[in-house]
There are 2 protein chains.
Amino acid sequence: MSAATDTAERILDAASELFATHGYAATTTRAIAERAGVNEVTIFRRFESKLGVLRALGERLARLQAGRAVASAPDSANVRDTLLALARMEIRGTIEGGALAMRLAFDATSVPEVRELIGEGVPANLEGLAEYLAEHQATGDLRADIDPRVMAEAFFGLTSSYVMYRMVMGAADLPVDVETDEGIEQLFDVFWSGASQRGQEP
Amino acid sequence: MSAATDTAERILDAASELFATHGYAATTTRAIAERAGVNEVTIFRRFESKLGVLRALGERLARLQAGRAVASAPDSANVRDTLLALARMEIRGTIEGGALAMRLAFDATSVPEVRELIGEGVPANLEGLAEYLAEHQATGDLRADIDPRVMAEAFFGLTSSYVMYRMVMGAADLPVDVETDEGIEQLFDVFWSGASQRGQEP
DNA sequence: GATGTGTGCAAGTACCTGCTTGCTTGCACA
DNA sequence: TGTGCAAGCAAGCAGGTACTTGCACACATC
């Protein structure tokens, strides 16, 4: 059993990397097999089709990302710390599995099956954070004159484009350590200052 | 001559739309021909190859975007207005030609020729805005404790992800009128408040 | 009226893609 | 020793892709 699941895992790993960098359509099953060190036929025996690989990958991704939902962030009394932790979590998650998700989101417009898989992920995330933000607008932690959905979009815009510029477009280097990286904190600070606007009242 | 350039233009228009929504690799020359209302052979006679179409498109795009560089924004005394105008310009430009550029940036990782075309565009833009921001940090219009490159990244993160969420991921609707849309102003306001932090001194 | 140019149409080539088939090999368990 | 399962290997199929070729038609210009 160990050996069997191992090959399946290796196939998924290879597919994940290739899908993330080349996209779903541009990745051939032959390439997946080669990278996994596995015969191409094995892929079809284990996953039935190329789409089957994507589906299995989707499940693994869902399992992986389930742990880093908005709710799972430590809701300390300090909203700023909570959001900063969320930003770091989001960026780390995007680097790990999100680069794949981002690519697939692009592929979704051309490959209908991909669209179903990615589906409501992005809008749902936006909505979830917007709710959280709205709560803290009510308590006065955040400025109330901005639509919480716009604010959520600003937040995800920061984190997703941070990764996009680095991983996909190669505009800069990835941080050595996401948890302590100074650049992320500065980037977050721009958002936070804008969203909280502490001391802005005249 | 008029009729001849017209068909070439129609081919480029069709290719632009298809590349933007489906990506370079996933767009077939047949599809381009069909959308342009032109025989497939004509494409090869005019542009030699599929890559030739992309190259011609790249030139047209460069011509189109040359007019909307950072420098071309009216540098009024008011930095906020300048940046807001730039944000609107950037979003409109991204909707018009940037969605294509964004998609091609993704394709660049799989299609090496595409990478050359997109090339240094993104980093150069970042650098250009960073310079502008640094100048106004020096004059006190913007807070100085943030790396100007980080600030530029926050700016482009906002504008590019604004379009990405809407056009590519279909998370929301595009604005009816970019120039007056309230959502863009709110989104920009989050950035601006964070970047200027007016009245933040204790 | 001849010539050149831009385009359409039909057919075909060479290659790549996802996927299949038939057969063999190695390993585990009884 | 025998049975079953996971995997490899070689070959191939059907469909799609970029791209080519040869021929016909329209419409200008000289």
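Residue numbers start from 1 in every chain, and the chains themselves are labelled A, B, ... in the order their sequence lines are given, proteins ahead of strands. Values reported hereafter were calculated over all heavy atoms of this structure, with side chains retained and with hydrogens, waters and symmetry mates removed.
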Run the side-chain hydrogen bond (donor to acceptor under 3.5 Å, both in side chains) test against [X] and tell me which residues pass, sequence neighbours left out.
X: B:Asp147; answer: none
X: A:Glu40; answer: A:Thr29, A:Arg30
X: B:Glu17; answer: B:Arg35

Give the dot-bracket string for DNA chain C, reading 5' to 3', where a pair is Watson-Crick or G-U wobble with both distances under 3.5 Å, ( ) marks pairs inside the strand, [ ] marks pairs crossing earlier ones, | marks a partner on another strand, and . marks unpaired. ||||||||||||||||||||||||||||||

Identify whether any heavy atom of A:Gly37 sits under 4.0 Å from a base atom; if not, whether one sits that close to sugar-phosphate; answer base, sugar-phosphate or nothing.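 Here A:Gly37 touches the backbone only, sparing every base.
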
Looking at C:dT7, I'd like to know if its phosphate oxygens (OP1 or OP2) sit under 4.0 Å from a side-chain N or O belonging to B:Thr7.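 Yes.
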
Check this one for me: any side-chain N or O of B:Thr42 less than 4.0 Å away from OP1 or OP2 of C:dG8?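 Result: yes.
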
Those residues that, when tested against [X], pass side-chain contact (heavy atoms from CB on, under 4.5 Å) (two or more places apart):
X: B:Ala134; result: B:Gln137, B:Pro148
X: A:Ala144; result: none
X: B:Asn39; result: B:Val41, B:Thr42

N/O-N/O pairs, protein side and nucleotides 9-17 of chain C side, under 3.5 Å:
none

Pairs involving residues 128-139 of chain A, ordered by first then second residue, that meet salt bridge (Lys or Arg N to Asp or Glu O under 4.0 Å) (sequence neighbours left out): none

Which of the following nucleotides, D:dC19, C:dT20, D:dA6, is nearest to the side chain of A:Arg46?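 Of all the options, the side chain of A:Arg46 is nearest to D:dA6.
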
Using only atom types and a distance under 3.5 Å, with no angle test, would you say the side chain of A:Arg10 pairs donor to acceptor with the backbone of A:Ala36? yes

Interatomic distance where CZ belongs to A:Phe44 and P belongs to D:dC9 [whole Å]: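 One finds 16 Å between P of D:dC9 and CZ of A:Phe44, rounded.
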
